[in-house]
*Asks:* 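Dropping the structure in here first, questions after.
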Number of protein chains: 2
Amino acid sequence: MKRIAILGSTGSIGQQTLDVIGAFPDRFRIAAVAGGDNSDLLAKQVAQFQPKMVYSAKALDTHSPAESISMEEIAAHPDIDLVVIATSGKAGLKPTLAAIRAGKRIALANKEVLVLAGEIITSEAKQYGAQILPIDSEHSAIWQCLHGEQSQPARIILTASGGPFYGQPPEQLTKVIPEEALSHPTWKMGKKVTIDSATLMNKGLEAIEAHWLFSIPFDHIEIIIHRQSIVHSFVEFTDGSTKAQLSLPDMRLPIQYALSYPERLPNPHLPHLDLTKVKALTFEPADPGQFPCLKLALQAGKDGGTYPAVLSAADEVAVHLFLAGKARFTDIAEVIAQTIALHHPVANPSLEEILAADAWARQTAKDIAKRNITC
Amino acid sequence: MKRIAILGSTGSIGQQTLDVIGAFPDRFRIAAVAGGDNSDLLAKQVAQFQPKMVYSAKALDTHSPAESISMEEIAAHPDIDLVVIATSGKAGLKPTLAAIRAGKRIALANKEVLVLAGEIITSEAKQYGAQILPIDSEHSAIWQCLHGEQSQPARIILTASGGPFYGQPPEQLTKVIPEEALSHPTWKMGKKVTIDSATLMNKGLEAIEAHWLFSIPFDHIEIIIHRQSIVHSFVEFTDGSTKAQLSLPDMRLPIQYALSYPERLPNPHLPHLDLTKVKALTFEPADPGQFPCLKLALQAGKDGGTYPAVLSAADEVAVHLFLAGKARFTDIAEVIAQTIALHHPVANPSLEEILAADAWARQTAKDIAKRNITC
């Protein structure tokens with residue numbers, strides 16, 4: 001019986017993790033949940049799943065006997081076997097480090113943890129013998145393809161759906177409204193990641209994650225457009241053989257694999273892939289000219305230091321402004337590029353330096369947006 | 001340094017094995033070669049590669065100091081680390097058993113070994129701790145996808161190119177001439193296997209091989225048409241995740257993987273797959289009505305006993321007659337079906353009973369062909 005903590009249990013990944021766990025009552029127990037703004041849902045989860053521990057960012061209306069402790073205390077608690085980091089933004093950073101230092105197994109869905117602090121996270125995980133298992137569909141695919149292989153891959157090929165505006169001329173993108181950007185062609189996800197998918201920022205952040213998760217240099221990471229979101233990524237080996245992992249787009253599969261690893265569990269609730277119904281899988285090069293956010297992200301990843309933190313923070317600000325109707329879709333890349341241009345980077349930054357860069361980038365991005373945007 | 005014996009070194013797989021070995025002079029040494037009718041080429045190979053042992057079915061014009069011994073002696077010789085079974089038809093049966101009983105690692109390209117005697121081969125391999133590594137591209141793909149996995153697959157999906165006549169109405173197939181059937185759309189192979197690919201008999205034989213190699217029931221083996229021959233097969237796991245192995249069609253890759261396993265070796269001579277150049281991978285159901293040979297093979301595999309030996313022998317006779325211009329393309333399935341209909345099967349047959357069924361089927365197929373075919 002694995003005792004599982006879900007940090008960010010009220011978000012999209014958190015809720016789907018609860019769904020997966022519900023299918024295996026003999027295998028997994030929900031030992032802790034933690035939530036942010038949505039305290040109503042968190043209270044319901046606490047009542048339903050009776051965890052031993054809970055963290056809530058807001059006052060919680062519940063009569064549960066669950067112990068109220070911090071996310072870091074949950075992550076390091078001796079009664080937890082696996083910590084699911086399903087928080088968003090930089091919220092997952094400190095709990096992930098706490099879990100690492102307690103030598104836990106960590107199922108990581110919170111992209112920014114590796115984007116902001118990949119070097120610290122991976123070196124501490126090595127030092128403390130903590131395992132980081134990816135929950136993102138692309139990284140889960142790569143991980144599944146690498147499983148059992150002895151040698152480093154020659155190349156990793158991340159697939160990208162291309163988002164709702166793929167193939168549209170750049171000048172049309174200035175008119176995009178949030179509702180259009182939020183209707184993703186294949187995946188149902190949270191708002192921030194859906195916009196990041198439309199700009200392909202998401203794929204750039206995934207490249208940075210892949211770089212750290214699989215110790216692979218950026219020039220061995222390729223991105224291709226695959227509109228159907230069936231192949232979740234490819235790994236090419238040194239002998240020229242390529243492996244792929246496929247499934248219908250459903251986050252419950254990578255979540256379940258991270259929970260059950262190295263086992264695979266039959267789950268009748270997960271959809272079945274019939275390739276003869278899919279008929280064709282298509283692949284096209286991802287043109288960096290069409291996706292300025294992707295280009296910015298890959299450059300920030302290569303430049304390293306505090307650049308990825310600045311990229312991520314500026315993106316969060318810009319996406320927030322776009323969703324609030326205060327910036328155009330095309331302003332997102334512009335705000336990020338201008339913020340990055342003003343940054344004085346720190347190499348091999350400490351956690352404090354990363355968080356300082358994040359705070360600086362948020363303020364700078366807001367200032368830039370205020371000055372430049374006239375919509 | 002692995003010392004390698006190649007039985008069937010003058011055939012298509014044998015020659016490509018020599019090509020792969022030539023790329024890694026520090027890794028592999030050709031310790032023995034064995035050939036059949038093409039003694040001129042075998043003599044050249046002996047002169048070029050200076051093996052310690054040689055077997056030739058015909059007198060060999062060479063001044064080499066190589067020791068002349070039988071294929072079974074080569075297969076079991078203490079100076080051999082890995083035996084490549086690249087013979088054709090039932091010729092590989094006894095050498096494979098000799099290699100198994102000597103506990104060797106065996107790279108198996110000769111389909112009939114498992115089709116005829118799958119039960120004997122796999123149970124003896126288990127008993128003697130011999131490893132059987134597949135060289136067929138489809139089985140290599142499945143093996144690569146299963147590598148590192150703990151649990152049995154839920155399903156194996158063999159891909160088939162569909163051959164040169166895919167989609168043509170059955171009535172047109174009566175007029176097919178050997179030259180047309182020998183022009184395979186994606187693979188360059190020997191004549192017998194190319195015709196078997198055109199009838200899809202080859203895919204049926206591969207299903208039988210897969211059944212034995214991976215202990216998978218026939219109703220968990222699916223066949224789909226994939227015209228591009230880029231995905232060499234799929235494995236679906238119990239959690240709904242599917243893995244695939246891909247490469248441009250080149251037999252040197254599965255050959256090399258069997259030689260280097262569990263390592264992968266960089267080989268600049270092998271072609272590189274660029275999915276954005278391939279553009280689309282397509283998948284269609286394989287209609288058993290369109291492929292009578294496939295249907296016969298799957299039924300023979302399920303019925304077991306001596307049926308697969310009878311299927312294989314009758315197919316060899318019928319394909320030979322077709323290539324000699326003495327039978328129509330559509331007669332191949334007819335001759336096999338009639339031979340199978342006359343067979344009195346033996347369950348759990350011994351090697352002798354399998355060889356007796358083979359001999360009976362050859363004679364019966366010839367008789368049927370003589371009576372029925374009027375072209």
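These numbers come from a predicted model, not from an experiment. Per chain, numbering begins at 1; letters A, B, ... match sequence-line order.
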*Asks:* Could you tell me if the side chain of A:Asp239 sits less than 4.5 Å from the side chain of B:Tyr257, heavy atoms only?
*Replies:* yes
*Asks:* Contact part of B:Glu284 toward chain A, heavy-atom cut-off under 4.5 Å: side chain, backbone, both or neither?
*Replies:* backbone
*Asks:* Enter the distance from A:Cys145:SG to B:Gln144:CD here, rounded to the nearest 0.5 Å.
*Replies:* 11.0 Å
*Asks:* At a heavy-atom separation under 4.5 Å, does B:Leu246 approach chain A through its side chain, its backbone, both, or neither?
*Replies:* both
*Asks:* Between A:Leu275, A:Leu270, A:Asn267, A:Thr282, who has the most heavy-atom pairs with chain B when the cutoff is under 4.5 Å?
*Replies:* A:Leu275
*Asks:* Which atoms of B:Ser151 come close to chain A, meaning under 4.5 Å heavy atom to heavy atom: side chain ones, backbone ones, both, or neither?
*Replies:* side chain
*Asks:* Chain B: which of A:His226, A:His232, A:Lys243, A:Glu263 shares the most heavy-atom pairs with it under 4.5 Å?
*Replies:* A:Lys243
*Asks:* Heavy-atom cut-off 4.5 Å, strictly under: side chain, backbone, both or neither for A:Leu281 against chain B?
*Replies:* both
*Asks:* Are more than 12 heavy atoms from other residues, nucleotides or ligands located less than 6.0 Å from atom NZ of B:Lys295?
*Replies:* no
*Asks:* What pair of heavy atoms forms the shortest contact from A:His147 to B:Gly148, and how long is it?
*Replies:* NE2-O, 2.8 Å
*Asks:* Under 4.5 Å from any heavy atom of chain A, what part of B:Arg155 do you find: side chain, backbone, both or neither?
*Replies:* side chain
*Asks:* Considering only heavy atoms, which portion of A:His272 lies under 4.5 Å from any heavy atom of chain B: side chain, backbone, both, or neither?
*Replies:* side chain
*Asks:* With chain B as the partner, which of A:Ser140, A:Ser247, A:Ala280 has the greatest number of non-hydrogen pairs under 4.5 Å?
*Replies:* A:Ala280
*Asks:* Against chain A, label B:Glu149 side chain, backbone, both or neither, depending on which of its atoms sit under 4.5 Å from a heavy atom there.
*Replies:* both
*Asks:* Quick one: what part of B:Ile224 sits under 4.5 Å from any heavy atom of chain A, side chain, backbone, both or neither?
*Replies:* side chain
*Asks:* Look at A:Gly240, A:Pro254, A:Pro262 and state which one has the largest set of heavy-atom pairs under 4.5 Å with chain B.
*Replies:* A:Pro262
